[in-house]
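We number each residue from 1, following the sequence as shown. Every number for a ligand or one of its atoms is a count from 1 in the order of the listing.
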Amino acid sequence: SFQQAQADVIPRYVRVNTLKTTLDDVIDYLKREGFSYQGTASQLEDLDRLSGKTFLCDLHLQDLLIFSGKTDFHDHFLYKAGHIILQDKASCLPAFLLNPQVGSHVIDACAAPGNKTSHLAAIMKNKGKLFAFDLDAKRLSTMSTLLLRAGITCHQLANQDFLKVDPQSPEYKEVEYILLDPSCSGSGMVCLRDEVSEQQDDGRLQALATFQLHCLNHALQFPQVQRVVYSTCSVHSQENEEVVSACLQQNPGFRLVHLLPNWPERGHELFTQCLRASTAKTRTHGFFVAMLERRPPQTDEEN
Ligand code: SAM
């Protein structure tokens, strides 16, 4: 089927968990197991040539390896030991771009099952504070297992509605970075893309967009927040550029950050500072990422 053909085009991405190992150690381990390392990808077509036990390093993201889409690591030692995380390339963008400083205070607003939380913790070298919220208790328990296996210790998990987290609470007064990956239509997920999701009814999209905008506006209320990364696995502008546009209009103290100049797919219309991802242009699931930053205080000369 067409869907299966699309899914076959997406390679298997493997993120190295730098809290437990290093990129070089994982490459060496795999080579000893008979995998053949081909260096860093230089163009999209290199990914299409992967087969059998060959693998590459990613061009844009450090600590990300790429295998043929048929490679399965779910039973592999490195996966079970938390040395590698099985995560699509596009979904590695938000934490990588937010790039919180070691020792900083960070919120992951809609965190379960925790792939991006574990990525944030790795970037923070497990130092500082990582507050992770999710509404869904079942997804949170999966998340605890994942974070334990990955050796994350700097986090505090809460079964809580992010919209009800008080930005004025002294607990969050040092939070400078927020990752917001809220519920979305999922229309970018290649395996989920069937007739039902193609014809998303407008009411559902509108409800999701309203929720996403509430979350984004809420994130900007934290008094010390400097950067907020917003992402969805949706292909609909309604959940992406339109949410960002409405938020910027309502929060003139924030602006967009121009992300990865060499990334091949940009946000639609006026939103070229943002990134999109797709099977056709990036060999990933469909994805959107925007980063908002607080404008620097105006100096006297600018007044
Ligand atoms: N960031 C996660 C990761 O990388 O593994 C995936 C997050 S998923 C796209 C969205 C999550 O938001 C779901 O787990 C859902 O339970 C949670 N969620 C929905 N509404 C929420 C709310 N008001 N507050 C906190 N979490 C919420």
Side-chain angles (χ1 to χ4, degrees), residues 13-15 17 61 63-64 79 82 84-98 100 106-124 130-150 152 155-167 169 172 175 177-193 197 200 204-205 207-222 228-236 239-240 243 277 284-291:
Y13 292 98
V14 167
R15 181 168 63 76
N17 178 14
L61 296 168
D63 305 319
L64 190 67
Y79 175 66
I84 60 172
I85 314 278
L86 306 179
Q87 190 175 357
D88 185 54
K89 173 174 175 174
S91 121
C92 295
L93 286 168
F96 171 77
L97 294 168
L98 190 63
V106 180
I107 287 177
D108 189 346
C110 299
N115 283 324
K116 297 181 187 78
T117 317
S118 95
H119 194 185
L120 287 168
I123 294 167
M124 295 160 72
L130 181 45
F131 302 98
F133 303 104
D134 205 282
L135 261 184
D136 187 326
K138 220 172 148 193
R139 285 169 67 95
L140 273 176
S141 87
T142 309
M143 177 161 174
S144 301
T145 311
L146 188 147
L147 296 185
L148 184 69
R149 190 172 58 198
I152 314 303
H155 66 289
Q156 190 175 303
L157 271 188
N159 188 189
Q160 204 176 329
D161 181 344
F162 173 63
L163 292 171
K164 296 197 178 126
V165 175
D166 178 10
S169 159
Y172 311 120
V175 168
Y177 304 91
I178 299 180
L179 187 149
L180 175 63
D181 184 42
S183 300
C184 73
S185 62
S187 55
M189 299 300 291
V190 170
C191 45
L192 298 179
R193 231 182 260 162
S197 57
Q200 293 277 350
R204 176 166 177 255
L205 278 186
L208 283 165
T210 302
F211 163 71
Q212 291 152 353
L213 178 59
H214 277 150
C215 287
L216 194 49
N217 280 338
H218 193 69
L220 302 186
Q221 303 310 308
F222 287 77
V228 176
V229 72
Y230 172 73
S231 59
T232 73
C233 57
S234 165
V235 297
H236 293 101
E239 297 178 88
N240 298 330
V243 168
T284 65
H285 291 280
F287 207 77
F288 174 83
V289 194
M291 185 144 70

State whether the shortest distance between N or O atoms of [X] and N or O atoms of ligand 1 falls below 3.5 angstrom.
X	answer
Phe133	no
Ala112	yes
Pro182	no
Arg139	yes
Leu163	no

Enumerate the atoms of ligand 1 whose separation from the nearest heavy atom of [X] is less than 4.0 angstrom.
X	answer
Ala111	1 (N), 2 (C), 3 (C), 5 (O)
Gly114	3 (C), 5 (O)
Gln160	24 (N), 25 (C)

Going by the 4.0 angstrom heavy-atom rule, the piece of Cys215 near ligand 1 is neither
For ligand 1, is any non-hydrogen atom under 4.0 Å from Ala109's backbone (N, CA, C, O), its side chain (CB onward), both, or neither?
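The part of Ala109 near ligand 1 is the backbone, not the side chain.
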For residues Ser231 and Leu93, determine if any side-chain heavy atom of one lies less than 4.5 Å from a side-chain heavy atom of the other.
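A side-chain contact is absent here, since even the closest heavy-atom pair is not under 4.5 Å.
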Close side-chain approach of Leu179 and Leu120, heavy atoms under 4.5 Å
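Counting from C-beta outward, Leu179 and Leu120 do come under 4.5 Å.
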Measure the spacing between CG of Asp63 and CZ of Phe96 and express it to the nearest 0.5 Å.
9.5 Å
Euclidean distance, Cys110 SG relative to Asp161 CG, rounded to 0.5 Å
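Result: 8.5 Å between the selected atoms.
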Which protein heavy atom lies closest to [atom], and at what distance to 0.1 Å?
atom	value
atom 20 (N) of ligand 1	Phe211 CZ, 3.3 Å
atom 24 (N) of ligand 1	Phe162 N, 2.9 Å
atom 19 (C) of ligand 1	Ser183 OG, 3.2 Å
atom 4 (O) of ligand 1	Lys116 NZ, 2.9 Å
atom 12 (O) of ligand 1	Cys110 CB, 3.2 Å

Do you see a donor-acceptor pair shorter than 3.5 Å between the side chains of Ser185 and Glu239?
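Yes, because at least one side-chain N or O of Ser185 sits under 3.5 Å from a partner of the opposite role on Glu239.
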With a cutoff of 4.0 Å, is Ser91 in contact with ligand 1, counting heavy atoms of the residue only?
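In this structure, Ser91 fails to qualify as a contact of ligand 1 - no heavy atom is under 4.0 Å.
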Would you please determine whether Gln87 falls within less than 4.0 Å of ligand 1 on a heavy-atom basis?
no
Considering [options] one by one, which has a heavy atom nearer to [atom] than any of the others?
atom	options	answer
atom 9 (C) of ligand 1	Asp88, Thr232, Asp181	Asp181
atom 21 (C) of ligand 1	Asp161, Thr142, Leu135	Leu135
atom 11 (C) of ligand 1	Asp134, Leu179, Thr117	Asp134

Is [X] reaching over with its side chain to a backbone N or O of [Y], donor-acceptor style, under 3.5 angstrom?
X	Y	answer
His218	Phe162	yes
Asp134	Leu140	no
Asp108	Leu130	no
Asn17	Ala150	yes
Asn115	Gln87	no

Applying the side-chain contact (heavy atoms from CB on, under 4.5 Å) test to Thr232, which of Ser183, Ser187, Cys184 qualifies?
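Exactly one pass, corresponding to Cys184.
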Could you label the plane-to-plane angle of the Phe131 and Phe133 rings as parallel, tilted or perpendicular, counting under 30° as parallel and over 60° as perpendicular?
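Taking Phe133 first and then Phe131, their aromatic rings lie parallel (interplane angle under 30°).
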